[in-house]
Amino acid sequence: MKNPIKIIWMAAGVVFLVIGAVGVALPVLPTTPFLLLASFCLAKGSRRLHEWFVGTKLYQNHLDSFVRNRAMTLKTKLGILFPASAMLLLAFAAMQNVYGRGFILFLILFKYIYFFTCIRTIRKEA
């Protein structure tokens, strides 16, 4: 019988993969974080499934440069930052608590600082 923990990792990886793939078409849903989670979970669950995922166009287009070089294109960075910021701004508008609003503003600021200081920006390869 297969290890139940590996099955859970594989199932989580497939769920994150589907969410990430949907995020390619829906600008509100960030693609890269879900694909990173999918890659992590699939690596824990199944070597064969992870190798398949690494060979897909989805992985090549959205994660390969980040995984290899800890770098992203400006388009990828903005594709992650803008939808996430929009969701946080919606939460900010709905929240009445001053401390909660301050925390949301801190998160937005931290995201942008982290993405533009800790992750290199590269040009899109031809």
Side-chain angles (χ1 to χ4, degrees):
M1 186 172 166
K2 288 208 175 234
N3 183 352
I5 301 298
K6 286 193 177 246
I7 293 171
I8 292 170
W9 280 116
M10 286 188 294
V14 169
V15 168
F16 290 131
L17 175 61
V18 169
I19 294 171
V22 169
V24 170
L26 292 177
V28 175
L29 199 59
T31 301
T32 307
F34 287 112
L35 294 181
L36 282 170
L37 282 170
S39 181
F40 175 78
C41 292
L42 292 175
K44 291 276 194 182
S46 167
R47 183 181 55 80
R48 268 185 35 209
L49 204 51
H50 182 259
E51 287 175 1
W52 166 81
F53 176 59
V54 169
T56 64
K57 278 279 197 201
L58 194 60
Y59 180 90
Q60 301 292 324
N61 291 341
H62 295 279
L63 291 181
D64 195 44
S65 66
F66 178 74
V67 171
R68 288 179 195 258
N69 309 319
R70 189 143 175 86
M72 292 180 183
T73 64
L74 182 60
K75 180 181 176 184
T76 302
K77 284 183 180 184
L78 296 177
I80 294 170
L81 291 170
F82 285 161
S85 296
M87 292 297 141
L88 286 170
L89 288 173
L90 285 174
F92 179 86
M95 184 172 288
Q96 299 301 319
N97 185 320
V98 174
Y99 297 111
R101 283 182 158 199
F103 184 70
I104 290 172
L105 290 177
F106 168 77
L107 283 177
I108 292 172
L109 183 63
F110 178 79
K111 261 185 339 145
Y112 282 89
I113 291 171
Y114 180 82
F115 267 70
F116 288 103
T117 60
C118 297
I119 300 172
R120 285 187 311 115
T121 304
I122 57 172
R123 292 185 186 269
K124 182 147 178 118
E125 296 172 12

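Nearest approach of M10 to S46, heavy atoms of both residues: SD-CB, 3.4 Å. Taking both residues in full, the closest heavy atoms of T73 and T76 are given as OG1-OG1, 2.8 Å, listed atom of the first, atom of the second, then distance. Here the closest non-hydrogen pair linking V24 and T31 is N-OG1, 3.2 Å. Contact record, Q60 with G55: NE2-CA, 4.2 Å, taken as the closest heavy-atom pair. The minimum heavy-atom distance linking M95 with R101 is given by the pair O-NE, 2.8 Å. The minimum heavy-atom distance linking A12 with C41 is given by the pair CB-SG, 4.0 Å.
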Item to check | Trace of the side-chain contact (heavy atoms from CB on, under 4.5 Å) decision for F115 with I80 | outcome: CA-CA 10 Å; F115 267 70; I80 294 170; 3.7 Å; yes
Checklist entry - Going through the checks in order, is the side-chain contact (heavy atoms from CB on, under 4.5 Å) test met by F103 and N97? => result CA-CA 10 Å; F103 184 70; N97 185 320; over 6 Å; no
Checklist entry - Is there a side-chain contact (heavy atoms from CB on, under 4.5 Å) between F66 and L36 once you walk through the steps? => result CA-CA 10 Å; F66 178 74; L36 282 170; 3.9 Å; yes
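L42 contributes atom CG, which lies 8.0 Å from atom CH2 of W52 (distance to the nearest 0.5 angstrom). Between the OH atom of Y114 and the CD1 atom of I119 there is a distance of 5.0 Å, given to the nearest 0.5 Å. Taking CZ of F16 as the start and CG of L35 as the end, the distance is 11.0 Å to the nearest 0.5 Å. Note that the NZ atom of K44 and the CD1 atom of I8 stand 13.5 Å from one another [nearest 0.5 Å]. Distance check: M72 CE to L63 CG gives 8.0 Å after rounding to the nearest 0.5 Å. Distance check: D64 CG to S39 OG gives 10.5 Å after rounding to the nearest 0.5 Å.
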Tell me which donor-acceptor pairs under 3.5 Å the side chains of residues 104-112 have, and how far apart each pair is, sequence neighbours excluded?
residue : atom : partner : partner atom : Å
K111    : NZ   : L81     : O            : 3.2
K111    : NZ   : S85     : OG           : 2.7
Y112    : OH   : S85     : OG           : 3.0

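Listed by chain and residue number, nothing satisfies the salt bridge (charged side-chain N to carboxylate O under 4.0 Å, His left out) test with R48 (two or more places apart in sequence, or in another chain).
For the pair T121 (side chain) and L74 (backbone), a donor-acceptor distance under 3.5 Å is absent.
Hydrophobic clustering, with ILVMFWY side chains joined whenever heavy atoms are under 4.5 angstrom apart, keeps F40 apart from V54.
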